[in-house]
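See below for the structure under consideration.
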Amino acid sequence: MNTEAKHAPDLSNLWMPFTANRQFKAHPRLLTSAKGMYYTAGDGHTILDGTSGLWCVNAGHGRQPIVDAISRQAANLDYAPSFQIGHEDSFLAASDVAALMPKGLDRVFFTNSGSESVDTALKIAVAYHRARGEGQRTRLIGRERGYHGVGFGGISVGGISPNRKAFSGVLLPGVDHLPHTHDLAHNAWSHGQPAWGGEHFANALESIIALHDASTIAAVIVEPLAGSTGVLLPPKGYLERLRAITEKHGILLIFDEVITGFGRLGAATASEFFGVTPDLITMAKGISNAAVPAGAVAVRRSVHDAIIEASATGIEFFHGYTYSAHPLATAAVRATLKIYHDEKLFDRAKTMSVPFETAAHALKGQPHVIDVRNLGLVAGIELAPRDGAPGARAAEVFAKCFEKGVLVRYTGDIIAISPPLIITEEQITQIFQTLSEVLATVA
């Protein structure tokens, strides 16, 4: 199906991110508009958004209160520097974000993306220990199959091989990795958190600490639920055990909530959902409903204060971005958080997770499906790979679903579903029924 616009632009100049550029430009899929739960393609057909864009449009597309807030701000204050100068909306937005964070994490540093949030959090962790007189604590612990954006810090603590291999010689030194938590042999077809492996996987941190010594380790960073690498769920007790180990050894715990923040699991944060409070939380995506690029790091007050009070005068933390707390971004953040509150979208996500789980697991027994796993409004459908062509089967499913009017996401041979929180039961049915129909046609 041709989805090019009637007067298609020259595609040659744009180098597209995370895209097979030659393949795409030979058969482009172009979107022209979006509203509510739907995109419109260049040929006019509608596509049900089963992925919230890229895990980010949590309140649905084209929300008028956000559009109005951005428009007013652009007309009134298009830009304000954030170095040594402030604007009122930046402080109001920080207060709004802090109000949704776990108790104690009420200091907010604004960024422009998840990648920037991660690099900011890593730098805060190192700066915190230095401020306390433990400057030797510089080692960072990530996790296999973890995704923490594409900055050098993020890919260093991340654990996705293709993101790392081209840059392996220039990654941060002093980084180690926990094992990932995905174990099909024990936990296939899990409804919600898997039952097996929580302490088993978390106790690997004790081995890493024994190898390097706790006195050298600044922070551990994990996604509470890993999304981009294929919906990897934390087994029961896993996050609790990580928290206990890090507290015992004086190591900061960072939760990367770029995907799980702002309602994805039916709570403001995964930290709230799981009842486990880290020392820092990285955010982006749903913080502004993706209407304007925005991100943030929520920091435990004691961590913030240690850094601030370590400097007698002048700049306490030499870090920031030209667009930190950009006026249009803070306007979008405030309007987005108000929609979440006024429409009770986090509660709605919790309610809709029940029919969502049922529809997802109805795919058991469909051709090629070897696992279905879910939590909140996230599902991963793992497919058996084709011999000699890993990822090809899922890529074909993605393309055919798009042709049939449903947007899904794929990573490797895993199909990920993460719709906006405004989804209806009928739309849930459409997503998984389309997936079922497509799977029946794929070799």
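Just so you know, residue 1 is the first one in the sequence shown, and it goes up from there.
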- prompt: Hey, are the side chains of V406 and Q430 touching, using non-hydrogen atoms and a 4.5 Å cut-off?
  reply: yes

field: D49 side chain reached by Y38 side chain, heavy atoms, under 4.5 Å
entry: no

query: Are more than 12 heavy atoms from other residues, nucleotides or ligands located less than 6.0 Å from atom NZ of K248?
result: yes

- prompt: Should I245 and E206 count as side-chain neighbours, where that means a heavy-atom distance under 4.5 Å?
  reply: yes

- prompt: Hey, does N203 have a side-chain heavy atom less than 4.5 Å from the side chain of R241?
  reply: yes

- prompt: Does the side chain of S117 come under 3.5 Å of the side chain of T111 through a donor N or O and an acceptor N or O?
  reply: yes

- line: E144 meets the salt bridge (charged side-chain N to carboxylate O under 4.0 Å, His left out) criterion, sequence neighbours left out, with none

query: Does atom NE2 of H341 have more than 12 heavy-atom neighbours, drawn from other residues, nucleotides or ligands, at distances under 6.0 Å?
result: no

message: Run F346 and F262 through ring pair (Phe, Tyr, Trp, His ring centres under 6.0 Å) and show every step you take.
response: CA-CA 7 Å; F346 302 163; F262 305 102; 7.0 Å; no

statement: CZ of F152 to OG of S156, rounded to nearest 0.5 Å, is 8.0 Å

field: R243/D279 ion pair, N-O < 4.0 Å
entry: yes

Centroid-centroid under 6.0 Å between W196 and F201 rings: yes

message: For the CG atom of D387 and the CZ atom of R393, what is their distance to the nearest 0.5 Å?
response: 8.5 Å

message: Checking I423 against I431 for the side chain to side chain contact (heavy atoms under 4.5 Å, CB included) test, could you report, in this order, the C-alpha distance in whole Å, the side-chain angles of both residues, the deciding distance, and whether it holds?
response: CA-CA 11 Å; I423 194 168; I431 290 171; 3.7 Å; yes

field: Side-chain donor or acceptor of H129 paired with backbone N/O of T138 under 3.5 Å
entry: no

- prompt: Short question: side chain of T351, backbone of D347 - any donor-acceptor pair under 3.5 Å?
  reply: yes

task: Decide side-chain hydrogen bond (donor to acceptor under 3.5 Å, both in side chains) for E382 and H182; before the verdict, give the C-alpha distance in whole Å, the side-chain angles of both, and the deciding distance to 0.1 Å.
output: CA-CA 12 Å; E382 187 157 354; H182 190 42; 3.0 Å; yes

message: Could you walk me through whether M101 and M283 satisfy the side chain to side chain contact (heavy atoms under 4.5 Å, CB included) test, starting with their C-alpha distance in whole Å, then the side-chain angles of each, then the deciding distance to 0.1 Å, before giving a yes or no?
response: CA-CA 11 Å; M101 295 298 107; M283 297 165 277; 3.5 Å; yes

- prompt: If you round to the nearest 0.5 Å, how far is CG of N58 from CG of L345?
  reply: 8.5 Å

query: Hey, mind stepping through Q427 and T424 against side-chain hydrogen bond (donor to acceptor under 3.5 Å, both in side chains) and telling me if it holds?
result: CA-CA 5 Å; Q427 291 162 342; T424 65; 3.3 Å; yes

query: Do I281 and V297 touch side chain to side chain, with heavy atoms closer than 4.5 Å?
result: no

- request: Using the test salt bridge (charged side-chain N to carboxylate O under 4.0 Å, His left out), find all partners of D96 that sit at least two apart in sequence or belong to another chain.
  value: R334

query: Looking only at side chains, do D176 and H212 share a donor and an acceptor under 3.5 Å apart?
result: yes

query: If you look only at pairs with a residue in residues 408-420, which of them pass as a side-chain hydrogen bond (donor to acceptor under 3.5 Å, both in side chains), with sequence neighbours excluded?
result: none

task: Answer yes when R373 and E357 have at least one side-chain N-carboxylate O distance shorter than 4.0 Å, and no when they do not.
output: no

Greater than 12 external heavy atoms within 6.0 Å of K236's NZ: no

message: Would the distance check show the side chain of S71 and the main-chain N or O of V67 forming a donor-acceptor pair, the cut-off being under 3.5 Å?
response: yes

- prompt: Applying the side chain to side chain contact (heavy atoms under 4.5 Å, CB included) test to Y147, which of D256, V258, I259, N163 qualifies?
  reply: N163

message: Is it the case that the ring center of H61 lies less than 6.0 angstrom away from the ring center of Y39?
response: yes

message: Show the nearest heavy-atom pair for residues A349 and G263, with the distance to one decimal.
response: CB-O, 3.3 Å

query: Any idea which heavy atoms bring A360 and V372 closest together, and the distance?
result: O-CG1, 3.6 Å

task: Would you check if V438 and F402 make a side-chain contact, meaning some heavy-atom pair closer than 4.5 Å?
output: no

query: Would you find more than 12 non-hydrogen atoms of other residues, nucleotides or ligands less than 6.0 Å from F167 atom CZ?
result: no

- prompt: Side chains of R139 and V175: does their closest heavy-atom pair fall under 4.5 Å?
  reply: no

K338 NZ: over 12 foreign heavy atoms closer than 6.0 Å: no

Distance in Å, L171 CG paired with K165 NZ, rounded so as to fall on 0.5 Å steps: 13.5 Å

query: Between F109 and H319, is the gap from one ring center to the other below 6.0 Å?
result: yes

- prompt: Any ion pair linking E396 and R386 (charged N to carboxylate O, less than 4.0 Å)?
  reply: yes

query: Heavy-atom count around R301 CZ within 6.0 Å, excluding the residue itself: above 12?
result: no

message: I want to know whether F110 and Y323 have ring centres closer than 6.0 Å.
response: no

message: For Q23, I'd like to know if atom CD has over 12 heavy atoms of other residues, nucleotides or ligands within 6.0 Å.
response: no

message: Is it the case that the side chains of H361 and N374 hold a donor-acceptor pair, with the cut-off being a distance below 3.5 Å and no angle test?
response: yes

- prompt: Less than 4.5 Å apart, any side-chain heavy atom of I141 and any of I221?
  reply: no

message: Using the rule given for side chain to side chain contact (heavy atoms under 4.5 Å, CB included), can you reason through E223 versus R143, listing the C-alpha separation, both sets of side-chain angles and the distance that settles it, and then say yes or no?
response: CA-CA 9 Å; E223 300 157 278; R143 188 170 60 190; 4.1 Å; yes

query: At what distance, to the nearest 0.5 angstrom, does CG of L54 lie from CG of L407?
result: 8.5 Å

- prompt: Are the side chain of H249 and the backbone N or O of I251 linked by a donor-acceptor pair below 3.5 Å?
  reply: no

message: Between F255 and L239, does the side chain to side chain contact (heavy atoms under 4.5 Å, CB included) criterion hold? Intermediate values first, please.
response: CA-CA 10 Å; F255 278 0; L239 296 173; 4.1 Å; yes

query: Does the salt bridge (Lys or Arg N to Asp or Glu O under 4.0 Å) test come out yes or no for E343 and R348, once each step is laid out?
result: CA-CA 8 Å; E343 298 183 10; R348 178 179 178 80; over 6 Å; no

message: If you count every heavy atom of other residues, nucleotides or ligands that lies below 6.0 Å from E247 atom CD, does the total exceed 12?
response: yes

- prompt: Of the options V378, T51, I381, which is the one that meets I417 in a side chain to side chain contact (heavy atoms under 4.5 Å, CB included)?
  reply: I381

query: If you take all heavy atoms of P235 and G197, which pair is closest and at what distance?
result: CB-C, 3.9 Å

message: Let me confirm one number: the OG1-CD distance from T358 to E425, rounded to the nearest 0.5 Å.
response: 9.0 Å

- prompt: Short question: side chain of H177, backbone of V157 - any donor-acceptor pair under 3.5 Å?
  reply: yes

task: Give a yes or no on whether a salt bridge exists between R264 and E257, defined as a side-chain N under 4.0 angstrom from a carboxylate O.
output: no

